[in-house]
Amino acid sequence: MMENKGESLACNACNTNDAFDAFAETVRTIKAKHGTKLMALQEAQVKFGYLDKDAMNIIADVFDTTTSEIYAIASFYAQFKFVKQGKYRIALCLGTACYVRGAAKIQQKLEEVLQMKMGDTSQDGKFTLGSARCVGCCGLAPVMLINEKVYPAVKPEQVPEIINEYKD
């Protein structure tokens with residue numbers, strides 16, 4: 001992590017200086033209204049889909065602190081992502097009920113079909129494969145989510161068909 005304080009940046013997540021300026025203004029508003037770095041991080045996550053170092057540098061600059069402090073706060077919470085996420089975010093539940101009912105086999109099939117490992121994003125930016133510890137659907141185990149859509153009682157042989165729904 002860079003230790004930028006007061007340095008002018010071009011935000012990679014923002015892609016333009018106008019977006020950079022607009023985001024910096026949003027962070028200043030959050031600071032004035034609420035005074036909390038966590039809300040600024042949440043806003044960056046919503047706006048860009050992840051926290052890149054430049055977005056964290058903007059937050060650090062506005063709050064007059066270091067990027068390391070901002071990263072330390074963000075890395076404490078599982079909700080924050082530090083790499084760009086795919087258009088379709090797959091979350092395979094690996095909680096106890098799902099695991100006992102075959103989530104490991106579903107994970108293997110997902111990795112095979114998508115040709116990537118858990119935590120990766122496909123090169124075309126279409127899929128991000130991740131896990132969840134419990135999605136609260138234990139009676140429907142094993143469960144997989146793609147964005148907000150829930151797939152209950154998934155079997156490994158269903159994985160290719162499910163993934164094909166999202167291929168254009």
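Computation of the quantities below employed the complete heavy-atom set of this structure, encompassing side-chain atoms and omitting hydrogens, waters and symmetry-equivalent molecules. Bear in mind the structure is a predicted one, so any value in this text is a computation, not a measurement.
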Check whether Q45 reaches the backbone of K81 with its side chain - one donor and one acceptor, N or O, closer than 3.5 Å.
yes

Can you classify the ring geometry of Y151 versus Y166 as parallel (below 30°), tilted (30 to 60°) or perpendicular (above 60°)?
perpendicular

Joint hydrophobic cluster, L94 plus L145, side-chain heavy atoms closer than 4.5 Å
no

Distance from Q85 atom CD to Y50 atom OH, nearest 0.5 Å?
10.0 Å

Would you say Y88 ends up clustered with I162 if hydrophobic residues are merged whenever their side chains have heavy atoms under 4.5 Å apart, either directly or through other cluster members?
yes

With the side chain counted from C-beta on, respond yes when Q79 and Q42 share a heavy-atom pair under 4.5 Å apart, and no when they do not.
yes

Would you call E69 and K37 a salt bridge, using N to O less than 4.0 angstrom?
yes

CA sep, side-chain torsions, deciding dist, call: S131, M118, side-chain contact (heavy atoms from CB on, under 4.5 Å):
CA-CA 7 Å; S131 64; M118 193 66 77; 4.2 Å; yes

By side-chain contact (heavy atoms from CB on, under 4.5 Å), which residues pair with K117, not counting sequence neighbours?
E111, D120

Do F82 and F127 land in one hydrophobic cluster if side-chain heavy atoms of ILVMFWY residues count as linked below 4.5 Å?
no

In this structure, would V143 and I90 fall into the same cluster of hydrophobic residues linked by side-chain contacts under 4.5 Å?
no

May I have the step-by-step check of salt bridge (charged side-chain N to carboxylate O under 4.0 Å, His left out) for E157 and K105, ending in yes or no?
CA-CA 10 Å; E157 57 271 14; K105 290 179 182 173; over 6 Å; no

Do E165 and K149 sit within salt-bridge range, that is, some charged N less than 4.0 Å from a carboxylate O?
yes

Parallel, tilted or perpendicular: which one describes the rings of F23 and F48, with boundaries at 30° and 60°?
perpendicular

